[in-house]
Amino acid sequence: MSGTTDMILVNKDGKRIDGRTPDEHRDIKIEAGVLANADGSAYVEIGKNKVLAAVYGPRECHPRHLQDPTKAIIQCKYNMQTYSVSDRKRPGTDRRSVEISKITAEALEKVVLTELYPRASIDVYIEILQANAGTRCAGLTAASVALADAGIPMRDIVPAIAAGKADGYVLLDLNKEEDNFGQADVPMAIVPSTNEIVLLQMDGNMTREEFDKAIEMGVRGCHDVYKLQKEALLNRYSDGGDSDE
Ligand code: UDP
């Protein structure tokens, strides 16, 4: 997020470098139930991002001192594969992955009926196979489909997308160039049935008016993602529920 570049990110016709209009998201593909050995799973592509999510549980929480006698805890692990980015990513946990794991679990806790499973753990693994900006949103989108695929009771599914600002324009779903050279990135996630925002972060600067516009664009984008999440789950079960076998 440098905020400056000689590159034209939005041309005079209002088109972005990948041909999108400011309020258009990248192509999105969502598939539920892609792994045979997880309780639930999903695969998501958003533009050039490729993300897998797998869910185990609810199962007895280990280590035991983490158990909550009133509800299940959600333990999330976001991991960016070494080969997912152009400069080799050092394997293992870093501050960024700890932060993204935490905000993802917190967003999911808003919809999962954790009170049904005291002392249990619901484990969510997110693997970024290919990254091109927006991986936390793609990861959360995949994780909530994987939870639903695991049959875990939820109030709703959580869709996520980022809005932001580049070349002075408020844009939906920034790609890597827009994220690198733009002025702001605002990832968000909502509970579609209520429009409650369950994840909201901001990197960079924008005016209050631009921020309001970014939220409006992002919420609309989340509803588009939501439609595709539901379609993925419907396809999974209309296929007979064993597409991973
Ligand atoms: N990125 C990278 N190496 C890293 C972390 C990030 O190349 O160690 C790239 C990757 O393409 C990622 C983008 O920078 O999608 C933006 O990262 P950010 O931290 O803003 O999170 P994201 O937008 O992926 O949620």
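As the structure lists them, so they are numbered: ligands from 1, and atoms in each ligand from 1.
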Consider only side-chain heavy atoms of I, L, V, M, F, W and Y, link residues closer than 4.5 Å, and tell whether M154 and V191 are in one cluster.
yes
For [atom], grab the closest protein heavy atom and report residue, atom and distance to one decimal in Å.
atom	answer
atom 3 (N) of ligand 1	V85 CG1, 3.8 Å
atom 8 (O) of ligand 1	K89 CD, 3.8 Å
atom 9 (C) of ligand 1	K176 CE, 3.6 Å
atom 4 (C) of ligand 1	M80 SD, 3.9 Å
atom 19 (O) of ligand 1	R96 NE, 2.7 Å
atom 16 (C) of ligand 1	D179 OD1, 3.7 Å
atom 25 (O) of ligand 1	R136 NE, 2.8 Å
atom 15 (O) of ligand 1	A133 N, 2.8 Å

Passing candidate, salt bridge (Lys or Arg N to Asp or Glu O under 4.0 Å) with E178, options R20, R26, K165
R20
Can you confirm whether the side chains of D149 and Y237 place a donor and an acceptor under 3.5 Å from each other?
yes
Within-4.5 Å side-chain heavy-atom neighbours: K89 and D94:
yes
Can you tell if the side chain of K110 reaches within under 4.5 Å of the side chain of D156, non-hydrogen atoms only?
no
In this structure, CD1 of I28 is separated from OG1 of T141 (nearest 0.5 Å) by 7.5 Å
Subset of ligand 1 atoms that lie under 4.0 Å from at least one heavy atom of A131
10 (C), 11 (O), 15 (O)
Verify the neighbour count for atom CG of D13: are there more than 12 heavy atoms of other residues, nucleotides or ligands below 6.0 Å?
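Yes.
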If you measure from the Lys or Arg side-chain nitrogens to the Asp or Glu carboxylate oxygens, is any gap between D68 and K71 under 4.0 Å?
yes
With nothing but distance in play, are any N or O atoms of T135 less than 3.5 Å from an N or O of ligand 1?
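By distance alone, the answer is yes.
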Do ligand 1 and N49 have nitrogen or oxygen atoms that lie under 3.5 Å from each other?
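No, no N or O pair falls under 3.5 Å.
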Honestly, for D87 the part within reach of ligand 1 (heavy atoms, under 4.0 Å) is neither
